Amino acid sequence: MNPIYMIGGGKGGVGKSIVSMALVDYLCEIGKDCYLIETDTSNPDVFKSYGEAVPAQILNLDKANGWIDLVNLCDEHGDKAIVINGAARSNDGVSKYGENLRGVLKDLDRSLITFWTINMQRDSVELLKQYMEVMQGTTIHVVRNGVFGDEDEFALYNSSGIRKAIEKQGKSLMLGELAERVSRVLYNDRKTIAQAIAEMPIGNKAELLRWRGECKKMFDLVIKL
């Protein structure tokens with residue numbers, strides 16, 4: 001069974017794109033074929049970096065037609081893991097049409113695994129609660145983005161009932177911080193992580209390799225192929 005990986009967060013600026021890049025890189029490194037679905041139609045950073053490295057398509061999941069296309073792609077490419085980079089406004093589309101995907105997972109012979117990326121603000125947790133209500137019965141992991149602080153600093157999420165609910169079926173993860181001068185190259189130069197490692201000065205390369213190793217440890221905890 002090839003999973004569908006949804007990278008969500010429901011708002012901009014929490015780090016969904018970097019998690020999506022890290023996940024596509026991880027799957028490629030372990031030899032897993034994947035298909036990238038970019039849903040940030042206004043700023044498709046992940047597609048611009050990975051659109052030539054892996055099969056990829058941009059879909060608008062604000063509309064029913066986008067979800068129809070998504071389900072059809074999941075069916076047509078059953079030999080590949082699907083990675084969906086969620087847009088900042090994605091909760092509205094999920095609320096309206098998410099059942100279009102959740103309801104046919106059995107027919108697709110796929111599971112849905114979400115990496116919900118958060119910062120320290122309350123709306124990250126509130127939007128997660130909404131998402132959980134629509135996508136109940138699927139696996140949801142929370143990714144605390146280390147660019148905003150250490151694990152202990154995510155006090156709002158750490159002490160919440162939402163965390164308890166998440167850890168009954170998934171995990172609370174921690175994404176290590178990547179130096180801004182390195183992450184900026186990934187975004188500005190539209191490079192894949194592998195390309196950046198091959199082309200960066202050795203100091204930058206060392207930092208990216210360190211962070212890549214941390215991402216591998218994080219994904220190894222929850223991805224069983």
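Here the structure is a predicted model, which is why all the values come from computation and not from measurement.
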Any side-chain heavy atom of L178 within less than 4.5 Å of one from L186?
yes

Kindly indicate whether the side chain of L112, heavy atoms from C-beta on, has any atom under 4.5 Å from the side chain of T139.
no

Specify the closest pair of heavy atoms between M135 and V94, including all atoms of both residues, with the distance to one decimal.
CE-CG1, 4.1 Å

Around atom CD of E52, are there more than 12 heavy atoms from other residues, nucleotides or ligands closer than 6.0 Å?
no

Please identify which of these residues, D25, N85, D45, meets the side-chain hydrogen bond (donor to acceptor under 3.5 Å, both in side chains) condition with S20.
N85

Answer yes if the side chains of R144 and N158 hold a donor-acceptor pair under 3.5 Å, and no otherwise.
yes

Applying side chain to side chain contact (heavy atoms under 4.5 Å, CB included), run through I140 and I113 and close with a yes or a no.
CA-CA 6 Å; I140 303 173; I113 300 172; over 6 Å; no

If we only count heavy atoms from C-beta on, is the R212 to I193 side-chain gap below 4.5 Å?
yes

Which heavy atom of S49 sits nearest a heavy atom of T192, and at what distance?
O-CG2, 3.1 Å

Give a yes or no on whether the backbone of A87 and the side-chain of T39 come within a donor-acceptor separation of less than 3.5 Å.
yes

Do S42 and D40 meet the criterion of a side-chain donor-acceptor pair at a distance under 3.5 Å?
yes

Between E126 and K129, does any side-chain N to carboxylate O distance fall below 4.0 Å?
no

Heavy-atom count around K96 NZ within 6.0 Å, excluding the residue itself: above 12?
no

In the single-linkage hydrophobic clustering (I, L, V, M, F, W, Y; side-chain heavy atoms under 4.5 Å), do L101 and I68 co-cluster?
no

Identify the two heavy atoms, one from I4 and one from C74, that lie closest to each other, and give their separation to 0.1 Å.
CD1-SG, 3.6 Å

Is there a donor in the side chain of Y157 and an acceptor in the side chain of S124, or the other way round, less than 3.5 Å apart?
no

In terms of hydrophobic clustering (I, L, V, M, F, W, Y; side-chain heavy atoms under 4.5 Å; direct or indirect links), are I58 and V54 co-clustered?
no

Derivation of the side chain to side chain contact (heavy atoms under 4.5 Å, CB included) call for R110 and I82
CA-CA 10 Å; R110 288 184 182 270; I82 304 293; 3.7 Å; yes

Using the rule side-chain contact (heavy atoms from CB on, under 4.5 Å), only one of M200, R190, Q195 pairs with V185; which is it?
M200

Would you check, one step at a time, whether the test side chain to side chain contact (heavy atoms under 4.5 Å, CB included) holds for E38 with Q57?
CA-CA 6 Å; E38 173 67 86; Q57 188 162 334; over 6 Å; no

Is it true that the side chains of E167 and S172 contain a donor and an acceptor less than 3.5 Å apart?
yes

Could you state the interatomic distance from CG (N72) to CG (L70), rounded to the nearest 0.5 Å?
9.0 Å

Around atom NZ of K171, are there more than 12 heavy atoms from other residues, nucleotides or ligands closer than 6.0 Å?
no

For W67 and L61, indicate whether the former's side chain and the latter's backbone hold a donor-acceptor pair under 3.5 Å.
yes

Do side-chain atoms of D150 reach the backbone of D152 as a donor and acceptor pair under 3.5 angstrom?
no

Determine whether the aromatic ring centres of F219 and F115 lie less than 6.0 Å apart.
yes

Nearest 0.5 Å, what's the CG-NZ distance between N2 and K80?
9.5 Å

Could you state whether F47 and V83 fall into the same hydrophobic cluster, counting links through intermediate Ile, Leu, Val, Met, Phe, Trp or Tyr residues with side-chain heavy atoms under 4.5 angstrom apart?
no

What is the distance from atom NE2 of H77 to atom SG of C34, rounded to the nearest 0.5 Å?
12.0 Å

Test item: W211 and S183 side chains (from C-beta on) under 4.5 Å apart, heavy atoms:
no

Determine whether I166 and W116 make a side-chain contact, defined as any pair of heavy atoms from C-beta on separated by less than 4.5 Å.
no

Is there a salt bridge (Lys or Arg N to Asp or Glu O under 4.0 Å) between K191 and E199 once you walk through the steps?
CA-CA 10 Å; K191 294 184 183 297; E199 299 172 12; 2.5 Å; yes

Return yes if a side-chain donor-acceptor contact under 3.5 Å exists between N60 and T41, otherwise no.
no

Could you pull out the closest heavy-atom pair between I118 and F148, with the gap in Å?
O-CD1, 4.2 Å

Cationic N near anionic O, under 4.0 Å, E207 to R181:
no

Tell me whether I223 shares a hydrophobic cluster with L173, the cluster being built from Ile, Leu, Val, Met, Phe, Trp, Tyr side chains joined at under 4.5 Å.
yes

Report the distance from atom NZ of K16 to atom CG of N145, rounding to the nearest 0.5 Å.
10.5 Å

D62 side chain to Y97 side chain, donor-acceptor N/O pair below 3.5 angstrom
no

Interatomic distance, NZ@K216 vs CD@E29, rounded to 0.5 Å, equals 9.5 Å

Which distance, rounded to the nearest 0.5 Å, do you find between the CE of M6 and the CZ of R102?
12.5 Å

Shared hydrophobic cluster, I7 / M21 (ILVMFWY, side-chain heavy atoms < 4.5 Å)
yes

Restricting to non-hydrogen atoms, name the atom on G9 and the atom on L127 that form the minimum distance, rounded to 0.1 Å.
O-CD1, 4.1 Å

Any ion pair linking E214 and K217 (charged N to carboxylate O, less than 4.0 Å)?
no

When every non-hydrogen atom of V134 is compared with those of S95, the smallest separation belongs to CG2-CA, 4.0 Å

Intermediate values then yes/no, side chain to side chain contact (heavy atoms under 4.5 Å, CB included), N65 and L59
CA-CA 9 Å; N65 281 338; L59 294 180; over 6 Å; no

